[in-house]
Amino acid sequence: MSSQRSSAPATDAELRTIAHEYRLFAERQAKGHSSVYETLSAAIAGDQRLLALLHALPSVKRQPNLLLAAARHLGAPLDSAREFLTWVVRHWGQVSSLMLARMTQTNESARCATLLPVLAALPQPLALIEVGASAGLCLYPDRYRYRYNQSQAIGPADSPVTLSCRTTGPVPIPRQLPDVVWRTGVDLNPLDPSDPEDASWLESLVWPEQAERLQRLRGALDVAREEPAHVVRGDLNETVRNLLAQAPKGATPVIFHSAVLAYLSPEARAQFARTVRNLPCRWISNEAPSVFPALLDVLPEPAPTDRATFVMALDERPIAFTGPHGELLHWFVDAGLPVASE
């Protein structure tokens with residue numbers, strides 16, 4: 001998508017495209033997770049004033065999560081769709097400035113619950129490299145506690161974070177956590193867990209009504225502050241190579257990413273895939289099905305159409321469907337335990 005602002009008046013077709021994005025967000029992402037965001041997103045989709053204002057932003061800055069988080073961060077009223085729309089239009093200068101300055105770096109630590117079975121199955125110990133690491137909260141799979149379905153929890157009993165995940169299929173639930181000896185990441189705009197402004201922005205990205213998710217974020221921030229990960233700023237292709245070269249010998253290097261590559265152009269995603277494919281590492285991708293269309297041709301099961309779903313793949317081999325916020329994990333029957341390289 002283009003990063004340029006649009007100075008020309010919006011056409012009806014362009015406004016319909018933006019409205020469609022907000023309707024999809026309401027129907028497929030917010031529904032069942034946040035009734036407030038479902039209502040507000042649908043209202044934005046029907047407001048021509050706000051759609052025109054959004055059109056003037058770079059296309060990568062028009063996404064619903066970013067607008068909603070920026071408005072909440074600045075104190076927009078959420079109880080009435082009409083009042084919300086009026087407030088955002090009136091305060092558009094502040095809202096748009098924040099949208100241009102910030103990114104949707106949700107950094108949902110609960111995704112570790114879907115990554116854990118893969119990480120635990122790989123040869124230990126591990127050297128983790130996260131792409132799009134934000135504040136690095138997904139770099140601590142060995143510091144969180146986990147509960148799959150109603151089974152007994154695993155992980156440190158004193159962890160401030162307990163991640164719950166519903167599972168279907170033959171999920172290889174680990175009996176012990178992975179041994180992580182090195183953790184680092186790259187991001188275009190790394191966030192500092194100890195910086196109050198960065199932490200406040202991350203809290204604004206948590207959807208309304210999700211008190212448990214907010215508590216989880218605060219606990220993960222505490223973990224990250226206690227043991228800071230080395231997250232560097234840079235271009236993901238070149239930086240990933242440099243970081244991989246620094247991984248300690250004797251550890252299995254793992255490059256992973258969740259809900260990140262959708263923000264890149266198809267060309268940039270293809271370049272990243274070529275880069276990682278030729279590196280001596282294991283590669284875990286956890287992204288929307290449209291991010292790597294080639295995976296759709298080799299999926300052993302059709303992707304659900306009634307909810308937002310990610311495809312998790314190891315070294316470009318699909319192994320599971322996952323919930324966007326780590327809430328569910330559906331393992332493919334033929335996925336097996338993915339330890340050996342293909």
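Small disclaimer: the values here were computed from a predicted structure and weren't measured.
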#### Entry: Under 3.5 Å donor-acceptor, Arg213 side chain and Val206 backbone
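No: the side chain of Arg213 does not pair with the backbone of Val206.
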### Query
Are the side chain of Arg225 and the backbone of Pro193 linked by a donor-acceptor contact shorter than 3.5 Å?
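The answer is yes, because a donor-acceptor pair under 3.5 Å joins these two groups.
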Could you tell me the separation between the [atom1] atom of [X] and the [atom2] atom of [Y], rounded to the nearest 0.5 Å?
X: Tyr144; Y: Thr162; atom1: OH; atom2: OG1; result: 11.5 Å
X: Gln150; Y: Ser164; atom1: CD; atom2: OG; result: 8.5 Å
X: Thr104; Y: Leu67; atom1: OG1; atom2: CG; result: 12.0 Å
X: His73; Y: Leu202; atom1: NE2; atom2: CG; result: 10.5 Å
X: Leu122; Y: Asp179; atom1: CG; atom2: CG; result: 12.5 Å
X: Leu74; Y: His91; atom1: CG; atom2: NE2; result: 8.5 Å

Near [X] [atom1], under 6.0 Å, is it more than 12 heavy atoms from other residues, nucleotides or ligands?
X: Gln215; atom1: CD; value: no
X: Glu212; atom1: CD; value: no
X: Arg233; atom1: CZ; value: yes
X: Asp79; atom1: CG; value: no
X: Arg82; atom1: CZ; value: no

### Task
Decide yes or no on side chain to side chain donor-acceptor pair (under 3.5 Å) for Ser35 and Glu209, but give the supporting numbers first.
CA-CA 8 Å; Ser35 60; Glu209 310 113 330; 2.9 Å; yes
### Query
For residues Asp187 and Ser134, is any side-chain donor paired with an opposing acceptor at under 3.5 Å?
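Looking only at side-chain atoms, Ser134 and Asp187 do not form any donor-acceptor pair under 3.5 Å.
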Side chains of [X] and [Y]: closer than 4.5 Å at any heavy-atom pair?
X: Arg72; Y: Phe84; value: no
X: Leu163; Y: Cys112; value: yes
X: His325; Y: Arg111; value: yes
X: Phe321; Y: Thr168; value: no
X: Tyr263; Y: Val60; value: no
X: Val131; Y: Phe272; value: yes
X: Ile284; Y: Leu119; value: yes
X: Phe292; Y: Val311; value: no

[X]/[Y] ion pair, N-O < 4.0 Å:
X: Arg216; Y: Glu108; value: yes
X: Glu226; Y: Arg143; value: no
X: Arg102; Y: Asp198; value: yes
X: Asp47; Y: Arg49; value: yes

Check for me, please, whether [X] and [Y] land in the same ILVMFWY cluster - side-chain distances under 4.5 Å, paths through other members count.
X: Val95; Y: Leu57; result: yes
X: Val291; Y: Leu188; result: no
X: Ile154; Y: Leu126; result: yes
X: Leu328; Y: Phe332; result: no
X: Phe310; Y: Trp283; result: no

### Task
Describe, in one word, how the ring planes of His33 and Trp207 are oriented to each other, choosing from parallel (under 30°), tilted (30 to 60°) and perpendicular (over 60°).
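Ring orientation of His33 relative to Trp207: perpendicular.
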